[in-house]
Every structure is written in C-alpha cells, then in structure tokens.
Q: 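Quick one: the structure is below, and I'll ask about it shortly.
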Amino acid sequence: KKGDSGAVDQSYHALMMFTKVDKSRSLQDKFRVAMLSMVKHGHFLEGEVLVLHFVSDQASQAVGERMLDEFLLDATFEYEVLFHDVVALTQKLFPIVEAMQKHFSAGSGAYYSDAIFFLSVAMHHIMPESLTRIVQLDLDLKYRTNIRDLFQEFDRFPPGAVIGIAREMQPVYRGQSEKFHCDPRQEEIYHGDRHTFWQYRKENPQTKVGSPPPDGLPGFNSGVMLLDLRAMRASVLYNQLLKPSNVAKLADQYRFRGHLGDQDFFTMIGMEHPELFYSLACRWNRQLCTWWRDHGYGDVFQLYYRCDGPVYIYHGNCNTPIPDD
Ligand code: UDP
Ligand code: MN
C-alpha cells in the first residue's frame with residue numbers, strides 16, 4: 001500500500017468504542033474474548049503495525065490499559081494502542097450529526113452524548129487526513145481468523161463504494177407492530193412504530209426494502225465496518241447525504257424512524273444508493289442474536305439469519321453467548 005507521500009504505509013488501523021467499561025463486568029468479559037482471539041489468530045508481516053484505537057472515558061481507559069497489558073502479551077505482531085477521549089470526539093462530531101440524531105436515536109434524539117453513536121458516519125471528518133482507512137469493531141466479537149485478512153477486503157471495493165459492511169441478520173428492518181423491543185445498547189422500551197421500514201413496506205408491498213437476502217435489502221449491521229476514509233472524503237454523493245436537508249428527505253421518503261445510530265443511517269442511505277457500500281460477506285460479522293425469532297418473526301427468521309460457509313468473526317450481539325471453537 002502506498003500513501004500519498006509515496007512511502008509504504010504499513011499501519012493497519014482498528015477502532016473500538018470503549019466507554020463505561022469500568023462499570024460493566026459483562027463488557028470486560030467480551031473485551032477479553034475479542035482481544036485474546038484477535039491476538040491468537042493475528043499475523044502480520046515484518047514492519048507492519050496494528051494500531052488499536054479506543055474511544056474511551058478516563059475510567060474505562062485506566063481499566064483498558066491494564067487489561068491490554070495482559071491480553072497483548074502473546075501478540076506475535078507489532079502494535080500500538082491509542083486512546084481517544086470520548087468527550088473531545090463528541091464535541092467535534094455533534095455539529096455534523098446533530099440533525100440526523102432525531103431520526104436515528106432513542107427518545108427525542110436530542111441528547112448531546114448520543115452523537116458518539118454516529119462516529120463512523122463522520123469519521124472521515126474527525127480523523128486526520130493522513131488516516132485513509134480504518135475498521136470499526138464492536139467489543140462483543142470473537143475472531144476465528146487473521147484480522148489482517150479483513151483489511152484485504154478494502155481492495156475489493158468497487159468504484160464508488162466508501163464503506164464495507166455486512167447485512168443485518170435479523171428482520172430488524174422489516175418492520176413490526178409489537179409494542180416491545182429489546183435494545184441492549186440503550187436499554188429502553190420502544191413502541192412499534194419507532195424503527196424500520198414498516199410503514200413504507202405497508203405502502204409498497206412489493207419492495208425489496210427490508211426483505212430478506214439474496215434478493216431483498218435487509219439493511220446493515222454495524223458490528224464490523226470498513227471505513228475507506230479517503231473514499232468517504234472524496235465522495236460528493238456521500239457528503240451530500242450527510243446534509244440535514246437530505247437526511248430529512250430520505251427519512252421522509254422511506255418513513256424511517258430508528259434508534260440504532262450509524263447502522264440506521266447506513267441502512268437508510270443504502271436503500272437509495274447501494275453503490276456506496278461494499279457488501280461484506282456475512283462470515284465477517286456472523287451475528288448470533290435471535291431475539292426477533294421469538295418476538296413475532298419465527299416464520300421468516302431463518303431467511304435472514306442463515307449464513308453459509310466458515311465463520312471468520314462471530315458477533316455475540318444482544319448479549320448472545322458465542323460458541324467455543
Ligand atoms: N459500547 C461501549 N460501552 C457501552 C456499550 C457499548 O463502549 O456501555 C460499545 C462496544 O464497543 C459495543 C458497541 O458499543 O460492542 C455496540 O454495543 P453492543 O455490541 O452491546 O450492541 P449490539 O451489537 O448487541 O447491538
Ligand atoms: Mn455488538
């Protein structure tokens with residue numbers, strides 16, 4: 001890989017959200033599984049460096065530094081660890097994402113602190129220009145292959161694609177009428193009209209929007225994301241879609257209400273502009289949550305949940321246990 005300077009850029013950047021980890025034994029346990037499996041399978045070439053970025057508060061950073069000392073002991077590769085202050089990033093982010101928060105956040109969506117859930121959306125404006133590619137990863141992952149291989153997926157982006165992301169593996173975006181919903185990220189209860197394309201699908205019964213693969217557009221899951229920051233900066237279309245007036249227009253067109261932050265934004269713009277997204281194979285983000293199977297979607301669940309072939313990364317979303325190897 002050659003950077004702008006002509007020098008070979010041998011850094012691989014990965015970013016994880018890492019807040020309130022000091023207060024959660026469960027998050028600490030997930031982080032242990034993620035890092036130990038990443039280290040176990042991680043192999044890099046001579047001179048290459050894996051740069052691990054954590055978006056964190058002070059208390060979590062202290063816990064994180066201590067845990068990383070232990071988890072990285074057996075690493076066979078060079079690495080760097082960088083902590084980013086969540087408050088400082090939120091400050092930069094808020095003006096860019098404020099307007100979209102009301103469409104894709106819980107409650108009134110006006111909470112300043114919720115802006116951080118949209119970090120990936122505006123990462124190309126937040127990180128320095130010299131950073132051209134980054135992968136964003138959840139903590140509730142288990143790696144079964146070399147994370148270096150994930151970065152090779154950047155080279156498979158077709159022209160015009162700015163983000164690589166796997167599909168959502170539950171009928172989250174199908175729409176629902178039940179009056180309950182479990183959201184482990186926000187721990188709140190929502191009403192049935194809150195998220196998804198339910199109303200749009202009712203008005204457009206033949207639509208692919210929210211329908212299962214391979215022909216439908218089930219939406220995206222944000223647990224593993226490849227952000228081509230250089231392409232995001234260069235894409236006129238992508239940056240137009242970030243503008244409040246265009247977000248409002250699409251949200252209105254699709255009658256979209258969400259509460260999953262960046263994942264909702266990418267899902268919505270992906271319905272209109274699928275060419276912006278490289279579709280990462282499900283094996284790179286094999287989500288395990290089955291919540292919707294038992295909440296009104298048993299009949300269609302498998303159409304969404306099915307993922308053939310070897311699993312490279314398990315995603316134990318909604319606190320689902322990850323199987324042992
Ligand atoms: N996260 C965090 N602190 C929290 C909750 C979540 O840093 O208190 C981060 C963490 O990286 C986590 C990600 O946000 O993996 C998304 O949350 P989670 O994986 O629990 O959501 P799910 O995948 O179950 O929807
Ligand atoms: Mn997750």
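Atoms within a ligand are numbered from 1 in the order they appear, just like the ligands themselves.
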Q: Output yes when a side-chain donor or acceptor of Asn146 lies under 3.5 Å from a complementary backbone atom of Asp149, and no otherwise.
A: no
Q: Looking only at distance, does Met17 have an N or O less than 3.5 Å from an N or O of ligand 1?
A: yes
Q: Classify the angle between the aromatic ring planes of Phe220 and Phe277 as parallel (below 30°), tilted (30 to 60°) or perpendicular (above 60°).
A: tilted
Q: Below 4.0 angstrom from a heavy atom of Asp138, which ligand 1 atoms are there? Numbered from 1 as shown, please.
A: 13 (C), 15 (O), 16 (C), 19 (O), 23 (O)
Q: Between Tyr173 and Glu168, do the side chains contain an N or O donor and an N or O acceptor separated by less than 3.5 Å?
A: no
Q: Can you sort out which atoms of ligand 1 are near Phe18, meaning under 4.0 Å from one of its heavy atoms?
A: 7 (O)
Q: Asp140 to ligand 1: N or O pair under 3.5 Å?
A: yes
Q: Under the side chain to side chain donor-acceptor pair (under 3.5 Å) rule, collect the residues that match up with Arg25, sequence neighbours excluded.
A: Asp29
Q: Under 4.0 Å from a heavy atom of Leu139: which atoms of ligand 1 are those, numbered in the order shown and with their elements?
A: 10 (C), 11 (O), 12 (C), 15 (O)
Q: Is the closest side-chain donor-acceptor distance between Arg201 and Ser211 under 3.5 Å?
A: yes
Q: Check Met16 against ligand 1 and report side chain, backbone, both or neither, counting heavy atoms closer than 4.0 Å.
A: neither
Q: Does at least one non-hydrogen atom of Gln287 fall below 4.0 angstrom from an atom of ligand 1?
A: no
Q: May I ask you to check whether Asn317 has an N/O atom sitting below 3.5 Å from an N/O atom of ligand 1?
A: no
Q: Listing request: all ring-ring contact (aromatic ring centres under 6.0 Å, His included) pairs with a residue in residues 45-66, at least two apart in sequence or in separate chains.
A: His13-His53, Phe18-Phe54, Phe31-Phe54, His53-His84, Phe54-Phe83
Q: Is it the case that ligand 1 has an N or O less than 3.5 angstrom from some N or O of Leu137?
A: no
Q: Using heavy atoms and a 4.0 Å limit, tell me yes or no: is Cys318 in contact with ligand 1?
A: yes
Q: Return the option from Thr19, Leu260, Val55 holding the heavy atom at the smallest distance from atom 3 (N) of ligand 1.
A: Thr19
Q: Would you please classify the geometry between the Phe151 ring and the Phe154 ring as parallel, tilted or perpendicular, with 30° and 60° separating the classes?
A: tilted
Q: Would you list the protein N, O or S atoms within less than 2.8 Å of the Mn ion (ligand 2), leaving out water?
A: Asp138 OD2, Asp140 OD1, Asp140 OD2, His315 NE2
Q: For ligand 1, which atoms sit closer than 4.0 Å to a heavy atom of His315?
A: 23 (O)
Q: Among residues two or more places apart or on two chains, list those pairs meeting salt bridge (Lys or Arg N to Asp or Glu O under 4.0 Å) that have a residue in residues 75-95.
A: none
Q: Decide whether an N or O pair under 3.5 Å exists between Lys20 and ligand 1.
A: no
Q: Would you say the side chain of Leu227 lies within less than 4.5 Å of the side chain of Gln136, judging by non-hydrogen atoms?
A: yes
Q: Could you tell me whether the side chains of Tyr304 and Gln287 share a donor-acceptor contact shorter than 3.5 Å?
A: no
Q: Find out whether the Lys NZ or Arg CZ of Arg283 is both under 6.0 angstrom from the six-membered ring centre of Tyr312 and within 45° of the ring's axis.
A: yes
Q: Would you call the rings of Phe104 and Phe118 parallel, tilted or perpendicular, taking 30° and 60° as the class edges?
A: tilted
Q: Minimum heavy-atom separation for Glu272 to Leu250, with atom names?
A: CG-CD2, 3.8 Å
Q: Backbone, side chain, both or neither: what part of Leu27 comes under 4.0 angstrom of ligand 1, heavy atoms only?
A: side chain
Q: Hey, does Lys30 come in under 3.5 Å of ligand 1, counting only N/O atoms on both sides?
A: no
